[in-house]
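Read through the structure below, which is laid out as structure tokens, and then see the notes.
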Amino acid sequence: MKKIQLTLVQIDNYGPWTVTPEPRREAELQTLQAELFAELERQFASRKGLAFQTRFDNMLVITNGVSLDEHRAIQEVVSEKFPVTVSMSVGTASTPYEAQVQATLALQHAGSSRSPDRKSVLAGAGVSPPDEDWVQLAHIDVNHSTLLTDSEPSYDTHLLIQRTHLSLASALMQRNALVFYTGGDNFMAPSNGLDVDGLAAVFSEVKRELGIGLKAGVGVARTAEKAARLATHGLHEIRNDKTAARILFKN
Ligand SMILES: Nc1nc2c(ncn2[C@@H]2O[C@H](COP(=O)(O)OP(=O)(O)OP(=O)(O)O)[C@@H](O)[C@H]2O)c(=O)[nH]1
Ligand SMILES: [Mg+2]
């Protein structure tokens with residue numbers, strides 16, 4: 001069976017750490033979170049994975065092709081460079097929603113996010129055999145967002161993009177797919193099992209709800225790196241009007 005592999009990365013005992021010995025400055029926490037995400041993205045990307053910011057204290061990473069030993073090596077880098085440690089758990093399934101459920105259950109069984117005893121735990125299991133590895137990733141983009149950026153107040157546009165995120169997330173979750181905001185007017189949706197008609201139906205729901213038009217390149221490959229590259233190329237082809245389609249699958 002073809003499976004996506006997702007890794008949940010969770011900062012260990014972060015809540016208590018943020019108030020020890022007394023509440024830390026928010027600017028310090030923001031800097032730590034941004035630098036930790038950057039380090040994790042660099043580490044996973046060098047192994048053909050792709051990390052998403054999610055909620056910063058909990059991050060999800062597509063890790064097909066990244067072994068448990070490589071996860072351990074990344075945990076060691078984090079514990080050397082940062083004042084916090086991270087636990088990780090790996091889940092696999094035929095849909096992204098189910099893979100993150102499996103990853104989450106493995107970590108929840110390994111101990112609480114607030115436990116001082118849980119440090120750099122690695123739980124769960126990766127895809128086996130490796131020919132099961134399969135990642136479908138949609139790079140989704142708002143049509144003509146520059147018109148908004150150049151005419152509406154900054155915060156109004158930001159709010160509309162966040163509403164678009166929420167609308168997309170709700171419609172995609174009904175189809176066992178996930179979606180992450182990646183900046184600007186861009187979203188990336190791990191979406192194994194969702195076909196072009198399903199994605200078109202999701203875009204219609206967003207259009208009906210918010211009046212926002214979307215397009216997407218969708219990459220299908222054995223690693224997140226390759227799927228993301230194909231997806232972004234697909235989007236580029238749509239833009240260059242090489243195709244009249246608003247959704248373009250590439251593999
Ligand atoms: N993360 C990410 N951000 C991007 C990417 N491409 C563009 N952006 C950001 O998104 C903003 C909007 O870019 P576009 O989508 O090209 O502009 P647009 O006006 O919506 O044009 P169309 O999408 O072609 O209709 C840019 O100003 C960038 O900030 C990308 O590949 N990844
Ligand atoms: Mg756009």
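First listed ligand is number 1; within each ligand, the first listed atom is number 1.
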Next on the checklist: Under a 3.5 Å cutoff, is there a donor and acceptor pairing between the side chains of T63 and Q5?
Outcome noted: yes

Item to check | Modelled atom types, side-chain donor and acceptor of Q136 and N192, under 3.5 Å | outcome: no

Item to check | Trace of the side chain to side chain contact (heavy atoms under 4.5 Å, CB included) decision for L36 with V78 | outcome: CA-CA 8 Å; L36 178 60; V78 169; 3.9 Å; yes

Checklist entry - Is there a donor-acceptor contact under 3.5 Å from the side chain of N64 to the main chain of K3? => result yes

Item to check | Over 12 foreign heavy atoms within 6.0 Å of CZ, F52 | outcome: yes

Checklist entry - For ligand 1, what is the set of protein residues having any non-hydrogen atom at a distance below 4.0 Å? => result H139, D141, V142, N143, H144, S145, T146, T182, G183, G184, D185, N186, K215, R239

Checklist entry - Step by step, would you call S145 with D185 a side chain to side chain donor-acceptor pair (under 3.5 Å)? => result CA-CA 7 Å; S145 71; D185 66 346; 2.9 Å; yes

Checklist entry - Should the heavy atoms of other residues, nucleotides or ligands under 6.0 Å from NZ of K119 be counted, would the total exceed 12? => result no

Item to check | 2.8 Å shell around the Mg ion (ligand 2), exclusive bound, protein N/O/S atoms | outcome: 3

Next on the checklist: I'd like to know whether CZ of R246 has more than 12 heavy-atom contacts from other residues, nucleotides or ligands below 6.0 angstrom.
Outcome noted: yes

Item to check | Within 6.0 Å of NE2 in H233, more than 12 heavy atoms from elsewhere | outcome: no

